[in-house]
Amino acid sequence: MFNSMCRKKPIWEDISKQLKIKGIDRTGKQCEVRIHTMTTKYRKIVKANKESGASPKFCPFFEQLDEVLGTKATFGVNTALICNINADIVSVCETHLSGTNELDLAEDGYKWYGSNRTFIHRNAPKASGGVGFLVKHSILKSFDVRIIDKSVDGILGLLFRNKETDFTCVAFSCYLPPENSPWGRDAQTFYSHVLSQIYLNYDVDAIFLLGDFNSRLGNLKDVSTEFDNVTTRETIDKTHNQHGQSFSEFLNDSKFCVLNGRSGEQSNKFTSISLEVGHLETYQPYHIR
């Protein structure tokens with residue numbers, strides 16, 4: 001919020017007006033300078049606490065600033081979004097959790113299964129990466145759930161086994177960082193690991209891949225038309241990247257296909273739009289049986 005919206009003068013003037021109603025006389029410029037000073041000091045202390053082995057230091061209004069600028073702010077946004085979706089199982093990418101931290105939505109009816117990035121640069125302002133699942137308590141009444149794989153950063157596998165029947169399924173929450181990220185330079189190894197997990201769990205009833213692959217397929221083939229009886233995929237994004245090439249190879253090897261562009265007009269829209277280009281990279285893989 002303070003990094004973007006509040007740079008605009010009208011916002012600061014509105015804050016000034018609200019303060020005057022409370023009997024505090026400050027100009028918009030004074031409000032802007034005050035917030036800038038507080039946030040700068042907060043970030044310096046957060047960085048110093050990460051680099052020092054001593055007891056953590058704090059500044060005035062540290063907890064309040066951490067609610068807005070720290071990881072708690074991300075939790076709040078995710079909580080509102082997840083509760084609004086009201087899904088039984090939610091895959092969460094880029095959790096920005098570190099160490100053994102968890103996303104706590106127990107009061108909202110969810111249990112958290114997560115895998116945090118194991119290495120965070122000492123100068124990083126906050127944690128990065130991380131994947132996980134939120135599973136409703138009602139699902140846990142019917143299914144035994146356990147983690148079957150978290151050996152690679154950005155990939156978490158869960159096994160669901162029905163307590164009354166023989167039905168079992170596996171779900172993977174995946175996050176492959178963009179190509180220009182130092183974490184996203186080895187897409188082939190990433191997809192090779194996912195493929196190995198699919199082979200290891202060949203005997204389950206269903207496999208679900210969820211997440212963000214940052215892979216633009218363009219017109220690359222996701223199925224072998226010679227062997228797979230699948231409808232033609234319609235796409236409005238004609239550009240592919242190197243991640244997309246690796247993704248295409250993975251889909252053909254794993255016998256998965258992309259649902260985007262195959263399940264009606266609503267499935268063929270850009271998922272990310274910038275001033276330069278729109279692209280569709282949040283694909284929905286589906287297993288071809």
Side-chain angles (χ1 to χ4, degrees), residues 78-79 81-95 97 100 102-116 130-176 190-213 222-224 227-231 233 247 250-264 266-267 282-289:
N78 286 341
T79 300
L81 177 62
I82 290 165
C83 292
N84 184 60
I85 295 174
N86 194 33
D88 291 329
I89 302 171
V90 181
S91 168
V92 184
C93 294
E94 290 190 276
T95 60
L97 296 171
T100 57
E102 298 183 350
L103 192 58
D104 185 6
L105 271 76
E107 293 184 358
D108 299 292
Y110 288 95
K111 181 176 179 178
W112 174 251
Y113 298 84
S115 176
N116 302 338
V131 293
F133 281 103
L134 286 163
V135 182
K136 267 194 174 180
H137 294 159
S138 57
I139 296 297
L140 297 176
K141 292 180 181 179
S142 302
F143 288 83
D144 289 320
V145 181
R146 64 181 177 89
I147 294 176
I148 58 172
D149 179 55
K150 55 185 303 185
S151 58
V152 172
D153 278 346
I155 302 173
L156 176 67
L158 287 189
L159 174 70
F160 295 80
R161 187 181 302 277
N162 191 284
K163 295 179 180 180
E164 297 182 358
T165 70
D166 293 330
F167 178 84
T168 58
C169 66
V170 171
F172 292 95
S173 180
C174 309
Y175 175 64
L176 175 61
F190 179 91
Y191 284 122
S192 293
H193 184 78
V194 178
L195 184 62
S196 69
Q197 288 299 311
I198 291 173
Y199 288 159
L200 286 171
N201 294 280
Y202 69 94
D203 56 343
V204 300
D205 295 292
I207 298 177
F208 302 92
L209 299 183
L210 308 103
D212 184 357
F213 301 96
D222 60 325
V223 296
S224 173
F227 303 105
D228 300 321
N229 185 21
V230 182
T231 58
R233 182 172 64 92
F247 191 37
F250 161 77
L251 291 168
N252 280 274
D253 290 341
S254 64
K255 303 297 290 181
F256 275 72
C257 72
V258 169
L259 288 182
N260 303 65
R262 286 193 172 97
S263 52
Q266 294 298 317
S267 72
T282 309
Y283 295 106
Q284 305 171 52
Y286 177 76
H287 201 188
I288 305 170
R289 291 290 189 179

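In this chain, residues are counted from 1 in sequence order.
- What you find for V92 and S173 is that their closest heavy atoms are O-OG, 3.7 Å.
- Smallest separation of non-hydrogen atoms from V131 and Y175: CG1-CB, 3.5 Å.
- In the displayed structure, D166 atom CG is contacted under 6.0 Å by at most 12 heavy atoms of other residues, nucleotides or ligands.
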Please step through side-chain contact (heavy atoms from CB on, under 4.5 Å) for the pair F143 and V135, ending with a clear verdict. CA-CA 10 Å; F143 288 83; V135 182; over 6 Å; no

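- No donor-acceptor pair closer than 3.5 Å links the side chain of D205 to the backbone N or O of C169.
- With K163 contributing its side chain and L140 its backbone, the two residues share a donor-acceptor pair below 3.5 Å.
- Taken to the nearest 0.5 Å, the CZ atom of F167 stands 8.0 Å off from the CG atom of N162.
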Apply side-chain contact (heavy atoms from CB on, under 4.5 Å) to the pair T95 and L103, showing each step before the final yes or no. CA-CA 8 Å; T95 60; L103 192 58; 5.7 Å; no

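- The two atoms that bring G132 and W112 nearest to each other are CA-CH2, 3.4 Å, heavy atoms only.
- Note that NZ of K150 is 7.5 Å distant from CG of N116, once rounded to the nearest 0.5 Å.
- The structure places CG of L156 at 6.0 Å from CZ of F133, a figure rounded to the nearest 0.5 Å.
- Under a cut-off of 6.0 angstrom, the local environment of NZ in K111 is sparse, with at most 12 non-hydrogen atoms contributed by other residues, nucleotides or ligands.
- Classified by interplanar angle (parallel below 30°, tilted 30° to 60°, perpendicular above 60°), the ring pair F190/F213 is perpendicular.
- Atom NZ of K141 sits in a sparse spot, with 12 or fewer heavy atoms from other residues, nucleotides or ligands closer than 6.0 Å.
- Nearest heavy-atom pair, A171 versus F160, reported as atom, atom and distance to 0.1 Å: CB-CE1, 4.1 Å.
- Here F172 contributes atom CZ and D149 contributes atom CG; the two are 6.5 Å apart, rounded to the nearest 0.5 Å.
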Step-by-step side-chain contact (heavy atoms from CB on, under 4.5 Å) determination, F250 to I198: CA-CA 11 Å; F250 161 77; I198 291 173; 3.8 Å; yes

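- Counting all heavy atoms, side chain and backbone alike, L158 lies closest to I147 at CD2-CG1, 3.5 Å.
- Separating the CG atom in L134 from the CD1 atom in I89 is a distance of 10.5 Å, to the nearest 0.5 Å.
- Remark: H193 NE2 to C174 SG distance equals 9.0 Å, nearest 0.5 Å.
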